[in-house]
Amino acid sequence: MIKNINITDAEVSAELHGYMYLALYDYQGILHAGSRMTAEIVSNNEIKINDGILCNYGRFMRIVGSETVRIENGSSGVKRTDLIVARFTTTETKETHTLTVIKGPAGGAEPSYNQTDIYSGTGTRDLVLYAVHLNGLNIVSVERKCQEYMSIRELTETVSKNVWSDWISCGTNACGITLKYRYNDGLKLVELNWDGVVNAPIGGNTMGYMWTGFPADKKPKGNMFIPVPNPAADAGLVIRYYPLTNDMTKGNFTLTSLRNTINDVYICGFYTYSYA
């Protein structure tokens with residue numbers, strides 16, 4: 001049976017509307033509006049869920065103000081995990097969307113919940129919002145289980161930042177190797193590229209030959225050795241970065257050898273790291 005979505009054959013039911021959102025989002029979770037349904041422990045028997053809106057398999061539910069759910073008493077010496085779910089139920093003639101607590105078994109394992117395909121007839125679909133962890137009589141933590149939708153504004157900003165800069169040169173060091181870099185501010189990544197013929201001896205376990213001019217906010221957060229493939233495979237050639245050291249290479253990339261002296265070889269390569 002075909003269900004049309006147009007003026008002349010209007011059949012825009014709640015079910016069809018929800019199915020459209022399921023196809024559009026292909027996602028379940030809390031949207032970025034209001035307090036985003038944050039949870040607060042009121043007592044060892046109550047959890048408050050603040051305002052917000054969620055999408056449960058294409059069906060929306062909004063909380064205005066807040067809602068409180070009741071947690072059954074814990075038992076002394078027993079761990080338990082309850083689930084707070086948004087429960088959508090349809091009988092094909094009546095639909096409800098409520099907050100429900102599913103009590104877990106003794107021992108702390110999470111209880112099962114409903115994952116019925118609500119677009120194939122009657123049934124119940126649960127979106128797990130929070131896991132409530134009890135230890136004995138006390139609620140010790142409330143853990144969010146569902147994800148959040150980005151707003152279109154946030155998504156646009158993220159996508160606009162997820163671009164790479166042009167390649168920027170740090171110049172050629174004293175042994176003839178050029179180092180370039182580019183960065184992605186959205187992903188907090190740097191990609192390095194080195195190229196050239198080593199035209200001066202690089203002694204084993206020396207400070208080597210460094211490059212300067214690398215931006216401080218894009219430097220690695222800790223010590224780094226980048227292996228540099230080369231014809232003298234036993235040389236241990238690396239690009240090294242130490243944020244703190246006793247020589248002049250402190251806070252700079254340098255080309256050095258961990259073992260043997262190397263000279264007169266062609267090297268090139270790429271390496272990506274995070275500066276988050």
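The figures here come from the full heavy-atom set of this structure, side chains too, leaving out hydrogens, waters and symmetry mates. For the single chain, residues carry numbers from 1 onward in sequence order. If you're wondering where the values come from, they're calculated on a predicted model, not measured in any experiment.
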Evaluate whether atom [atom1] of [X] has more than 12 neighbouring non-hydrogen atoms of other residues, nucleotides or ligands under 6.0 angstrom away.
X	atom1	value
Glu143	CD	yes
Asn205	CG	no
Tyr119	OH	yes
Lys94	NZ	no
Asp117	CG	yes

Atom pair [atom1] ([X]) and [atom2] ([Y]), whose distance is rounded to the nearest 0.5 Å:
X	Y	atom1	atom2	result
Ile262	Ile267	CD1	CD1	7.5 Å
Leu237	Leu258	CG	CG	8.5 Å
Arg87	Leu129	CZ	CG	11.5 Å
Arg144	Met37	CZ	CE	9.0 Å
Asp166	Tyr183	CG	OH	8.5 Å
Ile47	Ser66	CD1	OG	12.5 Å

Side-chain ([X]) to main-chain ([Y]) donor-acceptor, under 3.5 angstrom:
X	Y	value
Asn138	Val140	no
Thr254	Met207	yes
Lys219	Pro243	no
Glu154	Ser151	yes
Thr206	Gly203	yes
Asn230	Val228	yes
Trp194	Tyr271	no
Asn56	Met61	no
Asn44	Ile139	yes
Arg125	Gln115	yes

Parallel, tilted or perpendicular: ring planes of Tyr273 versus Phe253, cut at 30 and 60 degrees:
tilted

Between Ser257 and Val238, is the side-chain contact (heavy atoms from CB on, under 4.5 Å) condition met? List the steps.
CA-CA 6 Å; Ser257 173; Val238 297; over 6 Å; no

Is any side-chain heavy atom of [X] closer than 4.5 Å to a side-chain heavy atom of [Y]?
X	Y	value
Trp164	Leu189	yes
Asn173	Leu179	no
Asn73	Asn45	yes
Cys146	Leu54	no
Leu192	Phe214	yes
Tyr275	Asp217	no
Asp185	Lys218	yes
Glu72	Leu134	no

Say whether [X] and [Y] are linked into one hydrophobic cluster, either directly or through other cluster members, by side-chain heavy-atom distances under 4.5 angstrom.
X	Y	value
Ile226	Val198	yes
Ile63	Val42	no
Val69	Ile30	yes
Ile49	Phe60	no
Ile168	Trp211	yes

Among side-chain atoms of [X] and [Y], is any donor-acceptor pair under 3.5 angstrom?
X	Y	result
Asp51	Ser35	yes
Asp82	Tyr130	no
Thr116	Asn114	no
Thr91	Thr122	no
Asn252	Thr212	no
Asp126	Tyr57	no

Can you see which heavy atom on [X] is nearest to which on [Y], and at what distance?
X	Y	answer
Ile53	Ala33	CG2-CB, 4.1 Å
Val142	Ala39	CG1-CB, 4.0 Å
Pro201	Tyr209	O-OH, 2.7 Å
Ala131	Glu110	CB-OE2, 4.2 Å
Pro231	Tyr266	CD-O, 4.0 Å
Thr90	Glu92	OG1-N, 3.1 Å

How far apart are the C-alpha atoms of Glu95 and Arg59, what are their side-chain angles, what is the distance that settles it, and do they pass the salt bridge (Lys or Arg N to Asp or Glu O under 4.0 Å) test?
CA-CA 10 Å; Glu95 298 176 349; Arg59 300 303 184 97; 2.9 Å; yes

Working note: Arg80 + Lys103, criterion side-chain contact (heavy atoms from CB on, under 4.5 Å); need CA distance, chi angles, decisive distance, verdict.
CA-CA 8 Å; Arg80 195 180 85 216; Lys103 181 182 176 182; 3.8 Å; yes

